[in-house]
Amino acid sequence: MSPGAWWEEPVHSLERVWVGLAFLIAVVFFSASMLVWHRFGSQNVTGRAYRVSPQAYQAEVERFVQRYKVGEEGGQPVVAPPPGSDVYVLAQRFRFYPILLLKAGERYMLHVASIDYLHGFSITQPHVWNLQLYPGYEWVVPVVPRHPGTYHMACNDFCGVGHEMMLGKIVVER
Amino acid sequence: MAGFAETESRVCPVTGFRVHQAAEDLVKANAVAAVVALLLGGVAAVVVLFTRWMGAFPPEAFYQYLALHAWNMLIFWIIFFEIALLHFAGSIMLNTRPASPAAGWMAFGLMALGALMVNRAVLTNPLNHLSFQPYPPLRGTPDFYLGTILFAVGALVGVGLFFATVYKAYREGNHQGPLPLVVFGAFVAAVLAVGTLLVGALAFVPALLWSAGLLVHLDPFLWKLVYWGFAHPSQQINLAATVAVWYLLAQLTVGGYTPSEKVSRAAFVLYLVAINLGSAHHLQTEPSGALSVGWKWINTGYLMHLAVLGSMIHAFAVPGSVEVGQRLRGYTRGRFEWLVRGPWHNPAFTSLVLSVALFGFLGGITGVIAGTEQLNLKWHNTTGIMGHFHGTVVAGTTLAFMGITWYVLPLIFRRRVVGERWARWQPWLFGVGVGLLVLAYTQLGVRYGLPRKQPDVFRFRGLPLAFPWPDEVYRLLAVAGVGGLLALLGGAVFVVLVVATILFGKRLTDEELRRQYALPSFGGNPGHGVTETPAVPGTFALCLLFAAFFVLTYLGNYWNLSRSWPIGG
C-alpha cells in the first residue's frame, strides 16, 4: 500500500458521530453559552476601566472614606455608603481599604484599583468571585451584594512577601 | 555496544529503527537532565505541600520553594523531556542522523546553563521568589530573566535541529511519504514551540533590560498580556507532545493505531490553528474597557474552542487506538474486554490509561470551564486553577512521560528496569495521588474561593482582619495533602528506579531485548491495508460518558455562578 493511502480510508461511522457531537459541544454549545449569559445572566465582566494615577485614585478613595465613615475596626475605617452610590476599594501592598458596610440586594457602582502592584481582588469566604487588578487601571463595575453576611477579601495574585497578609472585609446587612 | 563505534548507528532489535549514536546520546542527556529537574521540583513540592496542608513552613520559604517547584517542573522537566522526544521523533523514528549533533549539544548546554541560573537566582535572592506569575512591577534580578532567556534560546535551537533533521530525512531518502502520526504530533508541538519561545523573548528581553535598569518602565498590563502569549502556549506544546506520546504508547504497549489517521491529523492541525488563543483566557477578569468583551469572546470563544474540538477528537482516537490494538490481539468480547484485559502489568500501559483518563476528566474539563468568560469569575487565581493544571501537566503530561520512560530505559539506555514490581505500582501511586489533589484543590478554589499562592490560610499572621475557614476547607486541604503525598511517593519511586536502572540495571543484549521487549504487532504505520481496522464501540461508550460529564459539569458551574452576587451589565 502506498504511503499516505490512509487519506482515502473512510472514517468509521462511530467516529463520525463523535466528531459531530464534539463539534456541537465544543464549538457551538460552549461558545454560544457565553453569549447567552451576556444576554440573560447576571454575572458578566462588563464594567468599564479608566487609566488613573495612583495619587488621584488615593485622593478619590480618601474623599469617599471621609464622606461616609461610620466607625473603625482594627485600625481601618468602616464606611457605609448609601444604596445606589459609588463605592471605592483601594488595593495596595498589603491591604484592602476601607472596610465596607453595604445593604443586601442594593445596587452599587464598585470602583476598585491597585495603586502599586498587580493584585487579586477576591471576595471569598463566603466565596463570591474574583477580579484582576492592575496599577493604573480603575475598574468601575455595578455589583449587587445579594445575601447578608460578613465577607472577607483576600489578595490572590502574588504581590511580594507579605502577600499572605493582604486581607479586607465587607459586611452586608439586611 | 561493541559494534557501535564502527558504524555509529545500530538497528533497534525491537522497533527496527536505525538509531544513530549521536541521537541516542542527545536523548540520554536530555532525559537525564529532565529527571534531575523533576527531582528538584519534587523536593520543592514537599515544602509547598506541607505549608498548604498544615502551615509547616513560613511564608518566605513557601514562596521560594513554590518558585523552584514551578520552574523546575513546568519548564525544565517538561521541556528537557520534550527536546529528548524531538531527538527521538526527528532522528530515530525517521532513521536519520541528527542534522547537526553539535547544535544539539549547544542547545543542551544553553538549556542546562539557563536552568542552573534560574535555580541559583531563586535560591540566593528573595527578589526572585517569582513563580509562574512574575508580573512587573515585581522585579527579579537580571540573572533570573537571563536564565530564562538562555533556556528558551537553547530550546529554540533544539527545535530548529528537529526541523533540520526532518528535512534531512526526506532529502536523504531515509523517510518517504507523510510523517508517521507520532512524528507529525511532535512536529506540531515543535511549530507551537517556535511561536511560543519567540513571544517569550518579547516578554523576557524587556524584563531583563528593565531589571538591569536599561529600561525605565514596563507597562504591567501589556507585559502580562504578552507573557501569557508565552506561558500558556508553552503548556500547549506539552499538550501536543503528550498526545503524540499517547499514540506512541498505544503503539508500543498493545500495537494499537488510530482508527483514522485522517481525523487524528486534522485534530493536530486544529491545535496548530487555534490553541495559542487559549492564552487569552488568562485575561478574562481583566478590567474590561482595557480589554473589550468582544476581544475576550472571540479569543476564548469560537476560535479557542476549535482547539477544544481537537482535544475531544484525540479523546476518542487515543483510547480508540488502544481498543484497535487490543481487538486485533483477540480481546474482542463485549464492549470492554479490550480494556479489562489490557497489559496492566506493564507500567507504561497503566500510565497511558491513567494519564488519558485524568487529563480528560480532570485537566481538560476544568481548563475549558475555567477559561469560559463568565465562569472564570469563580476560578480566577483560586486553587481551582492549581487543580486544572495539575490535572493537565502532572496527571496528564508528566504521567505520560513517565510511561514512555519505561521504554526509553530498555530501548535507548539498553538496561533492564530495576525493581519492576515497584514500577508496576508507580503509576497508580502517582495518578491516584494527583487525582485526589486535583479534586480537592478544584473544590477548594471554586466552592470556597481559597486563593492560590496563599501560604498562611491557618493564621493570616494573626492580623485583625484574619478569619477562619469552614471546617470543610481544612478537611479538603488534608485530602489534597494525602493526595500530594501519594504523588510525591510515586514521583520518588520513579526517580529512584530510573537512576538505579541507569547506574546498575543489567545491560541488555540485542537478543535479550528482542525476547523480553517484543512489541505487539509493531511495524511503522501498522494495520493500514494489512488487516481491517476493527470498530471501537467501547471507546464510543466511554466518550459518551465523558461528554455527559463534561456538559453537566459545565452547566453546574453556570448554576454555581448564578447564585453569586450580580456583577456587570
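Letters A, B, ... are given to chains in the order of the sequence lines, protein chains preceding strands, and every chain is numbered from 1.
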Flag the one option from [options] with the top tally of heavy-atom pairs under 4.5 Å to chain A.
options	answer
B:R452, B:Q374, B:K262	B:Q374
B:I369, B:L463, B:L283	B:L463
B:P464, B:P220, B:P537, B:C543	B:C543
B:Y135, B:Y63, B:F540	B:Y63
B:K378, B:H129, B:Q454, B:K453	B:K378
B:P451, B:G449, B:P566	B:P566

Where the side chain of [X] meets the backbone of [Y], is there a donor-acceptor pair that is under 3.5 Å apart?
X	Y	value
A:Q43	B:L377	no
B:S260	B:V263	yes
A:H127	B:V446	yes
B:S564	B:L561	yes
B:T383	B:M386	no

Interface moiety of [X] toward chain B, non-hydrogen atoms closer than 4.5 Å:
X	result
A:I25	side chain
A:R16	neither
A:Q76	side chain
A:S13	neither
A:R51	side chain
A:R39	neither
A:Y134	side chain
A:L133	neither
A:P126	neither
A:I123	side chain

Drop me the distance from [X]'s [atom1] to [Y]'s [atom2], to the nearest 0.5 angstrom.
X	Y	atom1	atom2	answer
B:Q64	B:L130	CD	CG	11.5 Å
B:L552	B:I365	CG	CD1	9.5 Å
A:F94	A:C159	CZ	SG	5.0 Å

Determine the interplanar angle of the [X] and [Y] rings, folded into 0 to 90°, and report it as parallel if under 30°, tilted if 30 to 60°, perpendicular if over 60°.
X	Y	result
A:W129	A:F121	tilted
B:Y227	B:W223	parallel
A:Y88	A:Y57	tilted

Residues of residues 160-174 of chain A with a heavy atom under 4.5 Å from any heavy atom of chain B, in residue-number order, are A:G160, A:V161, A:G162, A:H163, A:E164, A:M165, A:L167, A:G168, A:K169, A:I170, A:V172
With only heavy atoms counted, which part of [X] is less than 4.5 Å from chain A, the side chain, the backbone, both or neither?
X	result
B:P136	backbone
B:V473	neither
B:L66	neither

Not counting sequence neighbours, which residues clear side-chain hydrogen bond (donor to acceptor under 3.5 Å, both in side chains) with B:D456? List them please.
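side-chain hydrogen bond (donor to acceptor under 3.5 Å, both in side chains) check on B:D456 returns nothing, list empty.
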List in chain and number order the residues that pass side-chain hydrogen bond (donor to acceptor under 3.5 Å, both in side chains) with B:D219, two or more places apart in sequence or in another chain; answer none if no residue qualifies.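 B:D219: no side-chain hydrogen bond (donor to acceptor under 3.5 Å, both in side chains) contacts found.
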Identify which of [options] forms the greatest number of heavy-atom pairs closer than 4.5 Å to chain B.
options	value
A:A154, A:G41, A:P145	A:P145
A:H147, A:H12, A:H152	A:H152
A:Y117, A:F30, A:F158	A:F30

Carefully, step by step, assess B:H380 and B:Q284 under the rule side chain to side chain donor-acceptor pair (under 3.5 Å). CA-CA 8 Å; B:H380 184 70; B:Q284 295 282 34; over 6 Å; no
Quick note, ring-ring contact (aromatic ring centres under 6.0 Å, His included) partners involving residues 31-54 of chain A, not counting sequence neighbours, are A:W37-B:Y558
| request: Show your reasoning for whether ring pair (Phe, Tyr, Trp, His ring centres under 6.0 Å) applies to B:F546 and B:F550. | output: CA-CA 6 Å; B:F546 172 71; B:F550 201 167; 5.6 Å; yes
**Message:** Taking atom CZ as the centre, does B:R139 end up with more than 12 heavy-atom neighbours from other residues, nucleotides or ligands that are less than 6.0 angstrom away?
**Reply:** yes
